[in-house]
There are 2 protein chains.
Amino acid sequence: MSVELRALQALTLWHDVSLELVRDEDIDLSLRQMAILLTIYLDTPPHTVRGLARKLGVTKPVITRALDSMGKLDLVSRRRDDQDRRNVIVQRTVKGALAVERLGDIVVAKALTLRP
Amino acid sequence: MSVELRALQALTLWHDVSLELVRDEDIDLSLRQMAILLTIYLDTPPHTVRGLARKLGVTKPVITRALDSMGKLDLVSRRRDDQDRRNVIVQRTVKGALAVERLGDIVVAKALTLRP
DNA sequence: CGATATGAATACGGGTCCGTAACGACTGCC
DNA sequence: GGCAGTCGTTACGGACCCGTATTCATATCG
């Protein structure tokens with residue numbers, strides 16, 4: 001019974017946040033882009049294209065393109081690794097940090113409405 | 001400080017579940033499709049195309065196409081409303097219920113790994 | 001040095017999704 | 001019965017994303 005409740009609450013939370021994100025004009029990222037963005041901001045650096053691809057279970061071009069589009073939005077930035085110039089280091093930005101923070105606020109806000 | 005922790009936990013949860021969904025072969029739904037699916041299975045029926053469009057803040061064709069693709073996967077089904085044959089009633093399916101249940105399991109499982 | 005390997009980016013063909021606009025089916029009111 | 005209004009679907013053009021294969025730059029090893 002308590003397990004049933006947990007599952008329903010978890011689903012409701014996921015639903016509420018998804019709905020909020022779909023409605024939101026500002027944040028329009030695909031699930032993959034969001035996973036990439038959060039990995040960059042939550043996991044310990046450094047992050048490379050190949051490393052992200054492995055972690056996400058997708059091909060490298062997917063990461064490259066996601067970084068392209070998120071880079072246009074100034075959510076992430078790229079820099080060559082000086083020690084091995086084949087590598088690209090993915091870096092955080094102020095705008096990206098704010099977006100992640102905002103996402104966290106949404107999740108927290110929706111989570112708080114669950115417990116009556 | 002406790003608020004910081006909550007936000008970080010919420011973000012980590014969202015990240016972990018997103019990552020799991022991206023990696024998962026079976027579930028490949030966009031955020032919008034997921035929001036539609038969960039609305040159908042969590043909110044009280046009946047659900048119409050127009051009603052879903054209003055709730056999601058998107059246009060009707062978005063709902064129609066999402067129902068098309070999710071219908072092909074047998075996650076939802078459609079039926080004409082006999083009382084007003086202009087309406088289409090969106091119905092749940094066994095496979096859809098299982099998919100939603102599975103998503104709930106994923107969220108719960110990831111949530112449980114947060115509390116040390 | 002040259003050969004090989006590695007990392008990222010790009011080219012390509014195909015698929016999906018979007019919003020606007022138009023369309024067909026249906027209802028209800030005059 | 002006809003006409004305006006509603007609901008869902010479809011047509012269209014554009015944007016985005018995918019995976020495979022290729023290319024370019026760099027590193028490493030013989």
Side-chain angles (χ1 to χ4, degrees), chain A residues 18-19 21-40 43 45-91 99, chain B residues 18-19 21-40 45-91:
Chain A
S18 300
L19 209 61
L21 292 176
V22 168
R23 284 191 186 139
D24 194 299
E25 302 283 337
D26 301 334
I27 302 181
D28 187 20
L29 300 176
S30 72
L31 206 61
R32 294 190 180 199
Q33 289 175 333
M34 211 151 38
I36 294 171
L37 187 70
L38 289 175
T39 298
I40 294 168
D43 284 9
H47 298 289
T48 64
V49 172
R50 176 173 184 76
L52 290 170
R54 278 214 322 149
K55 203 165 294 189
L56 278 271
V58 297
T59 58
K60 283 186 294 178
V62 171
I63 305 295
T64 296
R65 284 183 299 248
L67 294 179
D68 285 345
S69 52
M70 291 195 289
K72 274 182 199 163
L73 300 173
D74 200 26
L75 298 176
V76 298
S77 74
R78 278 182 276 200
R79 180 185 53 116
R80 278 282 161 190
D81 182 353
D82 284 331
Q83 284 164 1
D84 184 341
R85 295 189 54 75
R86 291 172 300 183
N87 287 337
V88 161
I89 306 292
V90 181
Q91 290 181 298
Chain B
S18 300
L19 209 61
L21 291 177
V22 168
R23 284 189 186 145
D24 194 301
E25 302 283 337
D26 300 335
I27 302 181
D28 186 21
L29 298 176
S30 72
L31 206 61
R32 295 190 179 200
Q33 290 174 334
M34 213 151 35
I36 294 171
L37 188 69
L38 288 175
T39 298
I40 294 169
H47 298 288
T48 64
V49 172
R50 179 173 182 74
L52 289 170
R54 280 216 319 151
K55 203 166 293 186
L56 277 273
V58 296
T59 58
K60 284 186 295 176
V62 171
I63 305 295
T64 295
R65 285 185 297 250
L67 294 179
D68 285 345
S69 52
M70 292 196 290
K72 273 181 199 163
L73 300 173
D74 200 25
L75 298 176
V76 297
S77 74
R78 277 183 276 201
R79 181 184 53 119
R80 278 282 160 190
D81 183 354
D82 284 330
Q83 284 165 1
D84 184 341
R85 295 188 54 76
R86 288 172 302 184
N87 288 336
V88 161
I89 306 293
V90 181
Q91 291 181 299

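As a basis for the values below, the full set of heavy atoms in this structure was taken, side chains included, without hydrogen atoms, waters or symmetry mates. Chain identifiers are assigned alphabetically (A, B, ...) following the order of the sequence lines, protein sequences preceding nucleic acid strands; residue numbering begins at 1 within each chain.
Judged as a side-chain contact (heavy atoms from CB on, under 4.5 Å), and not counting sequence neighbours, the contacts of Arg86(B) are Asp84(B). Residues passing the salt bridge (Lys or Arg N to Asp or Glu O under 4.0 Å) test with Arg23(A): none are found, sequence neighbours excluded. In this view, Asp28(A) satisfies the salt bridge (Lys or Arg N to Asp or Glu O under 4.0 Å) rule with no residue, not counting sequence neighbours. For Arg79(B), the side-chain hydrogen bond (donor to acceptor under 3.5 Å, both in side chains) criterion is met by no residue, not counting sequence neighbours. Under the side-chain contact (heavy atoms from CB on, under 4.5 Å) criterion, Arg78(B) pairs with Thr64(B), Leu67(B), Asp68(B), Val88(B), not counting sequence neighbours. By the side-chain contact (heavy atoms from CB on, under 4.5 Å) test, Pro46(A) is found to be paired with Ile89(A), residues two or more places apart in sequence or in another chain being considered.
Taking only side-chain nitrogens and oxygens, Thr59(A) comes nearer than 4.0 Å to OP1 or OP2 of dG19(D). Contact check, Arg65(B) against dG8(D): no side-chain N or O comes under 4.0 Å of OP1 or OP2.
Proximity of residues 46-54 of chain B to DNA chain D (heavy atom under 4.0 angstrom from any strand atom) is restricted to Thr48(B), Val49(B), Arg50(B). Contacts of residues 81-89 of chain B with DNA chain C (heavy atom under 4.0 Å): Asp84(B), Arg85(B), Arg86(B). Contacts between residues 68-77 of chain A and DNA chain C, defined by a heavy-atom separation under 4.0 Å, are absent.
Annotation: side chain to side chain donor-acceptor pair (under 3.5 Å) contacts involving residues 50-60 of chain A, sequence neighbours excluded, comprise Asp43(A)-Lys55(A).
A donor-acceptor pair under 3.5 Å links the side-chain atoms of His47(B) to the main chain of Ile40(B), judged by distance alone.
Atom pair Arg79(B):CZ and dG8(D):P shows a separation of 13 Å (rounding to whole Å applied). Across the protein-nucleic acid pair, Leu56(A) atom CG and dG19(D) atom C1' stand 15 Å apart, rounded to whole Å. Spacing between atom CG of Leu67(B) and atom P of dT9(D) amounts to 7 Å, rounded to whole angstrom units. Per the geometry, CD1 belonging to Ile63(B) stands 15 Å off P belonging to dT10(D), to the nearest Å.
Atom CD of Gln33(B) is separated from atom OG of Ser18(A) by 12.0 Å, given to the nearest 0.5 angstrom. Note that CG of Leu29(B) is 6.5 Å distant from CG of Leu37(B), once rounded to the nearest 0.5 Å. Between atom CG of residue Leu56(A) and atom CD1 of residue Ile36(A) there is a gap of 5.0 Å, rounded to the nearest 0.5 Å. The distance from the CG atom of Leu31(B) to the CG atom of Leu19(A) is 9.5 Å, given to the nearest 0.5 Å. The CG atom of Leu73(A) sits 11.0 Å away from the CG atom of Asp26(A) when rounded to the nearest 0.5 Å.
With a cutoff of under 4.0 Å to any heavy atom of chain B, the contacted region of DNA chain C is bounded 5' to 3' by dC17(C) to dT27(C).
Terminal axes of the helix from dC1(C)-dG30(D) to dC30(C)-dG1(D) (five pairs each, C1' rotation axis) are separated by 10°, to the nearest 10°.
Shown here for Arg80(A) and Arg85(A), the closest heavy-atom pair between the two residues is NH1-O, 2.8 Å.
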